[in-house]
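First the structure, in the form of structure tokens, and then the observations on it.
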Amino acid sequence: MSTETTGAAQAAMPQPRRSVAFIGSECYPFVKTGGLGDVMYALPKALIAQNCDVKVILPRYKCIPQKYQEKMVYRGSFMMDLCADGKSYYVGIMEYVWDGVVYDFIDNDEFFSWGNPYTNLVDDIPKFCYFSKAALAVLNYLDWVPDIIHCHDWQAALVPVFQQAMFQGTPVGGAKSILTIHNLRFQGIYNNETIKYWTNLPDALFDYAVLQQKWVDSNMLKAGLSYASMITTVSSTYAEEIQTPFYGEGLDAHLRFHSRKLRGIVNGIDTTLWDPQTDKLLAANYGTKNAVKQKRANKLALQKALGLDEDPDKMVIGLISRLTDQKGLDLVNAIIPSLIDGNTQVVVLGTGDAIYEDSFRGYENTYKGSVCSNIMYDETRAHMIYAASDAFLVPSLFEPCGLTQLIAMRYGTVPIVRETGGLKDTVEPYNEYENTGNGFTFDRYEWWLLLDAVNRAKTLYFTGRERWDEMVVRDMEKDVSWDKSAVQYRQLYMELKP
Ligand code: ADP
């Protein structure tokens, strides 16, 4: 048993106990490029409180910080057949137990020695074919057979396929599988020959119901969706949206076909890690009682650190994001000149496509003192911006769940979001008649609707501060933890009795 829960505490938990193997390509704090890394970290912890025994299986990337590498303990190794020509590969297991969760890192220098988890598809396709099969082989090797194998995104999507095609009759063959879609845009599509070679899966699986994509390519995510016992995605609205052509990324018909096993469970955030009362990275800590005063102190500290005009009466609008077309940055680019009115500042933190990096740099140059573009990945700066901003932009074209609006609310920063995916499910629009809601929203993907939403926010901020401050407190009090979602995942695990 991997958790350190006492007998009495465990007896008080929901029964019976369920064992779950999480399989995915990233996990904070070892390696994180986006929301998937947060979920792989926080959800297992929340599941432990739901009487689940959780093991997380990850690649042992070279880029995992040395302080974690040093703590890993060798648990064994073996050779695994992988390719169509019979080539086999080394699978090492390095284990790290932390906070009740067992992390098993799959070790192989040939696949995981790059500086980044993802490089390009030429390398990533073989890497994750290997990883998906090795994860199952590791569970058998360790003789740790879970009730549920919970796979995440395309990098682990072949797990249910390998399980059905090659692991039947082995211990892990009887487990139920769940595939969670964190972002449907990324599917692991590559030509048939390459995927046939690297998986050695039977020819029968390269048909249209499983791997086949337009008769020349194979689609790893599509195959996983076919074979998983259940499919989940990270909000109810996104679960509906992906069954339509606009959001379906070419898989809408496939998802409609499998819709009976598709469910949306919204993400949460780790409220211990993200806590303005204890966050050591902030200039001033705060709770609901002193948020208004202390957020001003954080704002001044941020303005000073970033070279913005130092004035806590200005409204600071934050944006922390991968800089890609998914995130609605075309709309942001279109409205920045209209936002800068002498009383408003914009702070951007992100990296990504050159077109957005350059445009934000350009705006900083044009509006010195009012716009600051931090083109970098920096956790510390992220914490400072969440705390210091008054409002926070998430105008995404599509957003499976979105974590930044949840973190913003936790820090009393009012989100301005497009009504799509998890943004729609987590941000209740401000209702001026009833004085309810958590943020400002708009529906269609139009720059002038975003501008309208920002202007509504500005109007309340500058002319109805009392109501604004009440919304700040409502946001901080909103439950954005994993608690409710972990209960839903547990229910799902219970439905999938082996
Ligand atoms: P996605 O997974 O699509 O990138 P999410 O909103 O689900 O978006 O998760 C983004 C996570 O990455 C959040 O925790 C956010 O704070 C963090 N993040 C994004 N860009 C940066 C950055 N440049 N520096 C620090 N953290 C970032």
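Atoms within a ligand are numbered from 1 in the order they appear, just like the ligands themselves.
For ligand 1, the atoms closer than 4.0 angstrom to any heavy atom of D38 are 11 (C), 13 (C), 14 (O). Listed by number with element, the atoms of ligand 1 under 4.0 Å from a non-hydrogen atom of R322 are 1 (P), 3 (O), 4 (O). Remark: ligand 1 atoms within the under-4.0 Å shell around heavy atoms of G34 are 2 (O), 4 (O). Set against the non-hydrogen atoms of G350, the atoms of ligand 1 under 4.0 Å away are 23 (N). In the vicinity of D378, heavy-atom distances shorter than 4.0 Å reach the ligand 1 atoms 24 (N), 25 (C). The distance from ligand 1 to the heavy atoms of S321 drops below 4.0 Å at these ligand atoms: 20 (N). Atoms of ligand 1 lying under 4.0 Å from at least one heavy atom of Y386, given by number and element, are 15 (C), 16 (O).
Evaluated for a ring-ring contact (aromatic ring centres under 6.0 Å, His included) with F111, the options Y130, F131, Y61 yield exactly one hit, Y130. Under the salt bridge (charged side-chain N to carboxylate O under 4.0 Å, His left out) test applied with R296, the options D390, D311, D313 reduce to a single match, D313.
Closest to atom 12 (O) of ligand 1, if we only count protein heavy atoms, is K32 CE, 3.7 Å. Protein heavy atom nearest atom 19 (C) of ligand 1, with residue, atom name and distance: I320 CG2, 4.0 Å. Here the protein heavy atom with the shortest distance to atom 27 (C) of ligand 1 is Y377 CE1, 3.4 Å.
Here H182 has no heavy atoms under 4.0 Å from ligand 1, in either its backbone or its side chain. At a heavy-atom distance under 4.0 Å, atoms from both the backbone and the side chain of L403 approach ligand 1.
M376 counts as a contact of ligand 1, since one of its heavy atoms falls under 4.0 Å from the ligand. Residue K327 places a heavy atom less than 4.0 Å from ligand 1. Under a 4.0 Å heavy-atom criterion, Q405 is not in contact with ligand 1.
Close N/O approach between G35 and ligand 1 is found [any backbone or side-chain N/O within under 3.5 Å].
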Verdict with reasoning, C129 to I125, per side-chain contact (heavy atoms from CB on, under 4.5 Å) = CA-CA 6 Å; C129 289; I125 293 287; 4.3 Å; yes

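Side-chain atoms of E428 and Y430 form no donor-acceptor pair, as typed in the model, at a separation below 3.5 Å.
When ring centroids are compared, F30 and F105 come within the 6.0 Å threshold. Taking the six-membered ring for Trp and the full ring otherwise, the centers of Y247 and Y238 sit at least 6.0 Å from each other.
Between F128 and Y118, the ring planes are tilted. Angles from 30° to 60° get that label.
Other residues, nucleotides and ligands place no more than 12 heavy atoms under 6.0 Å from the NZ atom of K484.
The cationic group of K127 does not satisfy the cation-pi geometry with W198, failing either the under 6.0 Å distance to the six-membered ring centre or the 45° limit from the ring axis.
Using a 4.0 Å cut-off between charged side-chain N and carboxylate O, R410 and D279 make no salt bridge.
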